[in-house]
Protein chains: 2
Amino acid sequence: MLNSIIFYSLDKAIRSYRRMAQANIDRAGLDITVDQWLVLRVLLEHNDLTQQDIAERVFKDQASVARMLALLVKRGLLSAIPLPHDGRRTQLRVSAQGHQMLEAVQPIVLDNRAVALAGIGEDELAVLRQLLERIALNCTPVSN
Amino acid sequence: MLNSIIFYSLDKAIRSYRRMAQANIDRAGLDITVDQWLVLRVLLEHNDLTQQDIAERVFKDQASVARMLALLVKRGLLSAIPLPHDGRRTQLRVSAQGHQMLEAVQPIVLDNRAVALAGIGEDELAVLRQLLERIALNCTPVSN
DNA sequence: ATAATGTTTATGATATATCATAAACATTGC
DNA sequence: GCAATGTTTATGATATATCATAAACATTAT
């Protein structure tokens, strides 16, 4: 039975959530993906991250992040100013338009979360988080 | 804090697991992805599924499944025999090579699972499954 | 029968996932 | 200084994710 596989349930939960979340963002007329939102959020909270740094925070790889950044810049949600001391890197800043987008998305994100977690108590949530962290740690190569 | 977001933990867990699982399959010299494996497993257990049926079982959409099926056929893991009574559909059967692949992958899958769930008890697993099912249900549009 | 409707598959377009590698650049050891 | 080494970004190739839509076909109502 596939239903007995825990990763089946895991996959099901995350995919169901992502679809619901994206549908609600789309319905609000906002042109951003859940993944782009997450990257933008990370960039809002941290300056001077390399693509690798960002990748680790959003559980993607550097190549995926490179392409997402290019898209975010192209869409005007992010600005990339060349850094003088290293010709490869740029200074990434959420643009005014990006800030607007984040603000517009914020209430939807909160709502999505409430819908997804309806009927689940704080204590259960803590247990869930703990178990998920355990799994992630178990699966992490270097166990750093 | 991103760490306080439950979906961050969810995403982290599933992505960590998928990478570990795929790395182990690759290391064994087996040329199949985790997603292809899942589709093949579904086809082994059910005959006469439409692409939509398969998609619902693996939480993808019909278009993704169509492309995966084409790949599986191209790789000789699946055979697609045209059905006489409906010119669009084909009869999908796991090929001999596909069976061999499933058998080769099976021990790795079990091992992956053990690694990922190390230190997590049966009772905790049941709680985890229940919470994940609840989230998936909460996020499902029609609530069927 | 035929038109309207529904089902199923295929595919274009775009985004993300990932590996591998190239290119550009910085740093370090000598 | 310069070669070796390490870092950072970009991109080709391939797979998956998803929406939208076209094409092929089946079914149903009349």
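The sequence lines fix the lettering, A, B, ..., with proteins before strands; numbering per chain opens at 1.
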Subject >> Partners meeting side-chain hydrogen bond (donor to acceptor under 3.5 Å, both in side chains) with B/Ser95 (sequence neighbours left out) >> reply: none

**OP:** Check every nucleotide of DNA chain D for an atom under 4.0 Å from a heavy-atom of chain A, then give the first and the last such nucleotide from 5' to 3'.
**Re:** D/dG6 to D/dT18

Original post:
When we call it a touch if two heavy atoms are under 4.0 Å apart, what does A/Ser64 touch: a base, just sugar-phosphate, or nothing?
Top reply: base

Original post:
Just checking A/Arg67: base, sugar-phosphate only, or nothing, at a heavy-atom cut-off of under 4.0 Å?
Top reply: base

Original post:
Do A/Met68 and A/Leu49 belong together in a cluster built from hydrophobic side chains that touch within less than 4.5 Å?
Top reply: yes

Original post:
With both distances under 3.5 Å as the test, what is the Watson-Crick or G-U wobble partner of C/dA22?
Top reply: D/dT9

**OP:** Starting from the 5' end of DNA chain C, give me the residue, A/Gln36 or A/Gln62, whose nearest nucleotide shows up first.
**Re:** A/Gln36

Original post:
Which part of the nucleic acid does B/Asp35 contact within heavy-atom distance under 4.0 Å: base, sugar-phosphate only, or nothing?
Top reply: sugar-phosphate

**OP:** Check the angle between the aromatic planes of A/Tyr8 and B/Phe59 and answer parallel, tilted or perpendicular using the 30° and 60° thresholds.
**Re:** tilted

Original post:
Toward the 5' end of DNA chain C, which comes first, A/Thr33 or B/Asp26, by nearest nucleotide?
Top reply: A/Thr33

Subject >> A/Arg89 or B/Ala63, whichever maps to the more 5' nucleotide of DNA chain D >> reply: A/Arg89

Original post:
Where each residue is assigned the nucleotide of DNA chain D containing its nearest heavy atom, which of B/Leu71 and A/Thr90 is assigned the position nearer the 5′ end?
Top reply: A/Thr90

Subject >> B/Leu30-B/Leu71 co-clustered via ILVMFWY side chain contacts under 4.5 Å >> reply: no

**OP:** Apply side-chain contact (heavy atoms from CB on, under 4.5 Å) to A/Asp26 and list each qualifying residue two or more places apart in sequence or on a separate chain.
**Re:** A/Gln22

Original post:
In terms of side-chain geometry, is the basic nitrogen of B/Asp35 or B/Arg18 positioned less than 4.0 Å from the acidic oxygen of its partner?
Top reply: yes

